[in-house]
Amino acid sequence: MERAMRRTDRLEERFLAVARSVANLRANGVTSALAKLRHDAQDSFASMGFPKPRSEAWKYTNIRSALRKYFPTEPVGSTPPAGYGMHGLNTDIAAFVNGRYSAAHSRNGPLPKGTIVGGLQAALGSHKESILHHLGRLAPISSCPFVALNTAALSDGAFIFVPENTRLERPLQVVHMVTSGVFFQPRTLLIAEADASVEVILSISTPPSEAAFANTVTEVSVGPGADVNAYTIQPERDRLTTVTALNVHQGTGSRFGSYTATFGGEVARNNLTITADAAHCDTFLNGLFLARGNSHIDNHTLVDHAMPDCESSELYKGILDEQSTGVFNGKVMVRQDAQRINAYQSSKAVVLTHDARMFAKPELEIYADDVKCSHGATTGQLEKEALFYLRSRGLSEKQARDLLLEAFAREFTEGLPNGEIKHLVEQLISGWLTR
């Protein structure tokens, strides 16, 4: 037992040592407040450690086993992967290579007055107060060991600032690239002030031939009356493991939509925490995940209704083939003062083989008495009658199956607010099915 404990401790020590090394190497120009945040995050991670199998929030995902395959080091080289970003979209692109903004790989048209798209470190000079007010507070280091580990090495990242009454006409792709495999930790802070409007596409890009582990943290502040859509799209990569934290704070009368499409990966854990901390907020969380082989995809969500007169809608759909595993653990919390809440939550999955598995755990935690809340989960196989009907019309078994699966996924794609992104996701679905 003592020998096993020492081996477990070394897993945390290995990752923490690299985080401290990165923090020390990039100490120049870091404010005292940021240095303190990093130091506190190092202590917090050392105290928590990586989640253990008995952890309720991680009981379906053995992340420690995945971590043992990676030896964290600083990325080497300066040439990012080719073909980064989502193609076929009329968007601006903000590219970050090994955590730092790269103007050479970015593509930005004229931005509205006061809008900032660039690096966190560079923006500290002009927006120090706003950055330090939000950074590490929307995603507290105490909330998750992976958030703490990301913050422990934080020196730079993506910063998007949209001033009040400003609308970005084109979506913005935020692409975090790493020049070599192993372990890397992208960071993004998005601040949309009152009555601002922005669509952002979040993605990562790694060398396709190398195994990689991405620990991503994105913090979003949605000001009063603001409208923010965040799309997280992960194309199929067999040797990619991701832990993604998206933490959002909503102001009065704001609207936030999260649209997550995950097309495989060795292990993918998507953590979403949305706090509707004012009245009249609208929140939409939609997800689609497709997995085959031994892929493991875990979606873990929390919508925290802290104030009255808000609505939230949550829909997650999964298609699981071969020996893959899917997880949905969604929780809606309604606090005591949050009266007149209307919240809906649904998880639906199709398993295509006897070896594929789906674990669904929708939850409601309600402390108010004037609410309308519902949740549900269904898991099943394709209907034999529908397959027989399509085959009787001349379709092959695979054609019939793919047609039914595309129809199953359509509930997610129809809910995408952006037509170009909808078309892209439909293409990714078709490509996954025909592979």
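Between Gly119 and Tyr101, the shortest heavy-atom distance links the atoms N-CB, 3.8 Å. Looking at every heavy atom in both residues, Ala368 comes nearest to Ala338 through CB-O, 3.5 Å. The shortest non-hydrogen separation linking Phe45 to Pro145 is CD1-O, 3.4 Å. When every heavy atom of Gly109 is checked against every heavy atom of Asp92, the shortest pair comes out as N-OD1, 3.1 Å. Of all heavy-atom pairs spanning Cys373 and Leu364, the tightest one is CB-CD1, 4.0 Å.
In this structure, the side chain of Asn247 does not engage the main chain of Ile274 through any donor-acceptor pair within 3.5 Å. In this structure, His296 contributes its side chain and Tyr60 its backbone to a donor-acceptor pair below 3.5 Å. Under the 3.5 Å distance criterion, the side-chain polar atoms of Thr353 are matched with a main-chain donor or acceptor of Glu322. At least one donor-acceptor pair closer than 3.5 Å links the side chain of Ser143 to the backbone N or O of Pro140. Between the side chain of Ser44 and the main chain of Asp40, no donor-acceptor pair closer than 3.5 Å is present. Listed for the Gln173 side chain is a donor-acceptor partner under 3.5 Å among the backbone atoms of Met86. A donor-acceptor pair is defined here as one N or O able to donate and one able to accept, closer than 3.5 Å; no such pair exists between the side chain of Ser347 and the backbone of Ala377. The main-chain N or O of Asp282 is found under 3.5 Å from a side-chain atom of Gln250 such that the two form a donor-acceptor pair.
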Quick one: do Arg137 and Glu219 satisfy salt bridge (Lys or Arg N to Asp or Glu O under 4.0 Å)? Show the steps, please.
-> CA-CA 9 Å; Arg137 297 190 179 188; Glu219 297 175 284; over 6 Å; no
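Ring geometry, Phe213 versus Phe146: the interplanar angle falls under 30°, so the pair is classed parallel (tilted spans 30 to 60°).
Between Arg170 and the choices Leu111, Thr91, Leu89, Asn90, the side-chain contact (heavy atoms from CB on, under 4.5 Å) rule is met once, by Asn90. Evaluated for a side-chain hydrogen bond (donor to acceptor under 3.5 Å, both in side chains) with Arg187, the options Thr218, Thr151, Asn215 yield exactly one hit, Thr151.
Note on Glu426 versus Arg410: no salt bridge recorded, every NZ/NE/NH1/NH2 to OD/OE distance being 4.0 Å or above. Between Asp321 and Arg401 there is a salt bridge, with a side-chain nitrogen of the basic residue lying less than 4.0 Å from a carboxylate oxygen of the acidic one. Between Asp304 and Arg335, at least one side-chain N (NZ, or NE/NH1/NH2) sits under 4.0 Å from a carboxylate O, which counts as a salt bridge. A salt bridge between Glu56 and Lys361 is present, with a side-chain N of the basic residue lying under 4.0 Å from a carboxylate O of the acidic one.
Every pair passing salt bridge (charged side-chain N to carboxylate O under 4.0 Å, His left out) that includes a residue from residues 256-268 is listed here, sequence neighbours excluded: Lys69-Glu266.
Residue Lys113 qualifies as open at atom NZ: its count of foreign heavy atoms under 6.0 Å is 12 or below. Annotation: Glu129, atom CD; neighbour count of heavy atoms from other residues, nucleotides and ligands within 6.0 Å does not exceed 12. Within 6.0 Å of CZ in Arg255 there are more than 12 heavy atoms belonging to other residues, nucleotides or ligands. Few gaps surround NE2 on His87; more than 12 heavy atoms of other groups in view lie less than 6.0 Å from it.
The cationic group of Arg269 lies under 6.0 Å from the six-membered ring centre of Trp58 and within 45° of the ring axis, placing it in a cation-pi geometry.
The CG atom of Leu424 sits 5.0 Å away from the CD1 atom of Ile233 when rounded to the nearest 0.5 Å.
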